[in-house]
> 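One structure follows; several queries about it will come next.
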Amino acid sequence: MTVAVPPEVVSALRQARHVGVLTGAGVSAESGIPTFREALTGLWARYDPAELASPGGFARDPERVWRWYRERRMAIARAEPNPAHRALVDLEGRVDRFTLITQNIDALHARAGNRDVVELHGNITRVRCSVENVVVPDFEDGDAVPTCPACGACLRPDVVWFGELLPMTALERAWAAARDADFFLSVGTSNLVEPAASLPWIAARSGALVVVVNPSDEGQQHGPTIHHLAGPAGQVLPALLAAAWPDSAAETPRVDS
Ligand code: NAD
């Protein structure tokens with residue numbers, strides 16, 4: 001695949017003072033991690049997402065919700081970061097300021113080597129007490145729902161469910177980065193979920209050049225300073241880096257700039 005990177009994108013990236021990045025489920029697609037709806041297959045196909053990922057669904061049937069997250073946790077543990085994750089590690093090392101904001105709960109950015117990831121929707125590898133909201137580092141990951149060693153309540157995945165508020169510190173950092181960045185990447189998100197969907201707009205309105213990386217145009221932002229690089233992130237991101245810094249060409253397909 002040939003990725004055409006416009007020259008204004010290359011020069012904006014090379015000159016960027018602060019690069020902000022928002023990622024969604026698409027950045028992990030090439031690691032084999034299905035998007036939320038794609039994961040609702042087989043036995044799980046008959047469930048409404050709200051029954052598997054909401055406080056009400058957990059209250060009604062904690063065992064079922066636990067089993068569903070356990071399956072996802074095991075699939076994520078088997079997955080490896082892909083060239084898109086690695087390109088973002090490379091990018092972090094090349095720019096003065098870098099803020100990586102993710103809607104993903106799979107922790108693959110950290111496993112790839114990014115140092116500081118703003119997790120808007122939590123992290124499936126952590127669990128917390130469903131009553132005290134305290135993260136519990138050790139737990140028995142079987143089919144039965146483990147309980148909090150302090151209060152005995154059920155443990156739950158440390159992720160944001162439908163109807164829950166996002167962690168305020170993460171959200172404030174994301175908004176601040178979108179306002180401050182002069183180059184902003186939006187990678188592999190369908191923009192269906194607010195407030196993450198507004199971040200590229202905030203960045204564009206604050207003067208950043210925005211680059212959308214997604215094979216699909218559906219739901220993507222458009223505007224004079226918003227560029228769309230169509231294609232899978234695992235090919236487009238290495239190509240973008242190679243266009244800006246030709247020494248980063250290790251995993252790169254052909255680039256036209
Ligand atoms: P989404 O599933 O709504 O959309 C995925 C987007 O990725 C689509 O726009 C699709 O066109 C694009 N895409 C598919 N393959 C791609 C590729 N190879 N490269 C680049 N883009 C690609 O995802 P979302 O916008 O992140 O919202 C879904 C919600 O579900 C989020 O809240 C997220 O937390 C959660 N989720 C997370 C994971 C994960 O942690 N990996 C997986 C599934 C869902």
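First listed ligand is number 1; within each ligand, the first listed atom is number 1.
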> Short question: side chain of Asn104, backbone of Gly24 - any donor-acceptor pair under 3.5 Å?
yes
> Check for a donor-acceptor pair, side chain of Ser130 on one end and backbone N or O of Cys154 on the other, with a separation under 3.5 Å.
yes
> Say whether, by atom type as modelled, one donor and one acceptor occur between the side chain of Asp182 and the main chain of His18 under 3.5 angstrom.
yes
> Do the side chain of Trp66 and the main chain of Phe58 share a donor and acceptor less than 3.5 angstrom apart?
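No.
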> Give a yes or no answer on whether the side chain of Arg205 reaches the backbone of Ala208 with a donor-acceptor pair at less than 3.5 Å.
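No.
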> At less than 4.0 angstrom from any atom of ligand 1, which residues have a non-hydrogen atom? List them by chain and residue number.
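Contacting ligand 1 under 4.0 Å are Gly24, Ala25, Gly26, Ser28, Ala29, Glu30, Ile33, Pro34, Thr35, Phe36, Arg72, Gln103, Asn104, Ile105, Asp106, His121, Gly188, Thr189, Ser190, Asn214, Pro215, Ser216, Pro232, Ala233.
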> Is it true that Arg128 and Asp158 make a salt bridge, defined as a side-chain N closer than 4.0 Å to a carboxylate O?
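Judged by the 4.0 Å cut-off on N to carboxylate O distance, Arg128 and Asp158 do form a salt bridge.
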